[in-house]
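Working notes, structure below.
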Amino acid sequence: MYRYILKRLLLMIPTLFGAAVLVFTLLRLIPGDTCELRLAGSGGYFDQSALDICRHEMGIDQPKLVQFWHFIWGIVRFDFGKSMWTGQPIVSEMAMRFQLSMEIAIVATIVAIVVAVPLGTISAVKQNTWIDYMVRAISIAGIAMPSFWLGILIILGLLIGTQYFLGTPWMPPITYTPIWVDPMKNLALIVWPAIATGYRYSAVATRMTRSAMLEVLREDYVRTARAKGLFEKLIIRRHALKNAMLPVITVIGIEFAFLIGGLVVTEQVFNLNGLGKLFVESVTNNDYSMTQALVMLVVMIFLFVNLLVDILYAWLDPRIRYR
Amino acid sequence: MAVTSAEIDSQLAAARPPLAKAALTLIRQQPLGAVSGLLVIVMILMAVFAQQIAPYDPIANHYEFMQLAPSAKFWLGTDQFGRDILSRIIWGARTALFIGFSCAFIGSFAGLVLGVTSAYFGGWFDLLFQRIMDVFLAFPLIIMGLAVVAIYGTGAQNVIIAITIPLIPRCARVVRSSALAIREIPYVDAARALGFGHMRIILRHMAPNCMAPFLIMLTTFLGQAILLEASLSYLGLGVQEPTPAWGLMLQGGAEEYAESAPWIAIFPGLAITLAVFAFNLFGDSLRDTLDPKLRSR
């Protein structure tokens, strides 16, 4: 097992390197650079020498290969440098936003699992009843609905609802408060975007739970358990659900990558200052160093989640042995 | 008794059920699929005949009709520039379907060819190719889209590029796994023994036999591409004003006016949801028909 994990970790290196090459090339293909944007942004005329000085400071006057080497060497030492746009260290720029985005992602995942597993199970057990049809309709709608539209609808609902019941419209807070400082204020902010992104997530997981449960419920060992006269509840919980969880976990892992993409849009709707918004800003500002660091972070999260899913697989199903 | 091929053809034609009967069977066996198919047809008609169907000009501003609630005159109300929302949704179908179909077709065709090629050659080529695909897969869709739009600028053509590139590896991977099985079937050996070139075997012999996964990916991509186009337009990175596009309609002040004129935010989103819903369901029933093993009971 440990050898397998080590092998997988080593296999991440070429993928990460490929991602580094890809993002580096993509960014250099974008016309203009951060110095042009910055000098043009301050308005009026700027001369070539100012541009040259700025470019020299940023290190983007060096040959591309040298720049690439600095970028890779930085990753190896976990030193991402400073943002080309704000001049602040990238790690500190990211830290606060990372907290916000990760919390939304985690709450969304929890929402998804808590909703999906019971709903999918009920839907499978009560196959072809009105409960089943309703769950299926809700989950199909969840896959079709854009998360930013759901976000807009949530804001709309909150405004109209609070106006009606409390008399004054209430909006979720915009500034982030860490959960250990003020849990209520923190959750008031996090819950809404988490629902907006989590709905699609839970819809996909519900569908997977349902179809996996349907398959497992037809297995011989479930029939044996029934023949033994076990309680139906026990059969479903102990015998069926445990075995149906494998594909569900895969789907949750795959969807986590979608979640990060979805956050880019959701943060825009709720006007949150998270990683997604930072990403959009740094791409539009041609902030090479920040964009590169963000992409590497996202790809790394994706790869680690995938590895985690595979390890979980072996843990849940002892028949699976990795070498 | 000698039977000519013409006779066989005519007998086969007689045995084939007429179109109406086939449609009836489809409705009975796949009621949801039939409904979604109908929705898809309605949307295609809307896109093609937008000029004739739309009651008003989707682009012209009418400052005397700003933010009007839905009424007999404006069925779905008007937006903050006095443009009829129904007309913009009808014209938006053209944008959405044009981009959706282009992305889905180009993406899945490229994926088909690349996936089959990778499986056909196998060995180190396959290994290297799969690692490259891994890199693209680890890149979140929307981030790829953002980068491409930043490079080439906004506009329908670039949105298509931005959405298509990340779709290709997704299709290539699925097609590859079924092409790996096909490679072992004797007719591929036979084709090789006859001295056919690599290109011919890949395109004429193997690719057509990967049709089931290919068609499933194609229909899945349709929904995804429409959703992505809407997301990019919403972020201001897709098609630009005044082109009518569903995502764009939600961007331009839909939130600001959410309280006073909720219809501006509600109807375009509903259009996106219905479109994606229809294409997804259509894909599902197509999968059930093409691949009975996967039938979702």
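Below, chains carry the letters A, B, ... as their sequence lines are ordered, and counting in each starts from 1.
- Interface check for chain B: of the options A:Ala124, A:Gly18, A:Gly276, A:Gly151, the most heavy-atom pairs under 4.5 Å are formed by A:Gly18.
- There is no contact between A:Val21 and chain B, counting heavy-atom distances below 4.5 Å.
- Residue with the most contacts toward chain A among B:Ile272, B:Asp134, B:Leu270: B:Leu270 (heavy-atom pairs, distance under 4.5 Å).
- B:Ile226 has its side chain out of reach of B:Phe101: every pair of non-hydrogen atoms, C-beta onward, lies at least 4.5 Å apart.
- Shown here for A:Ala108 and A:Tyr201, the closest heavy-atom pair between the two residues is O-CD1, 4.0 Å.
- The contact between B:Leu281 and chain A is made entirely by side chain atoms (from C-beta outward), counting heavy-atom distances below 4.5 Å.
- The candidate with the highest count of non-hydrogen atom pairs below 4.5 Å against chain B, out of A:Leu27, A:Val283, A:Ile140, is A:Ile140.
- Side chains of B:Gln224 and B:Asn280 form no contact here, defined as non-hydrogen atoms less than 4.5 Å apart.
- Side-chain contact between B:Ile163 and B:Phe221 is absent, with no heavy atoms from C-beta onward closer than 4.5 Å.
- Residue contact with chain B, scored on non-hydrogen atoms closer than 4.5 Å, involves the backbone and the side chain of A:Leu26 alike.
- Side-chain N or O atoms of A:Thr162 include one that pairs as donor or acceptor with a backbone N or O of A:Leu159 at under 3.5 Å.
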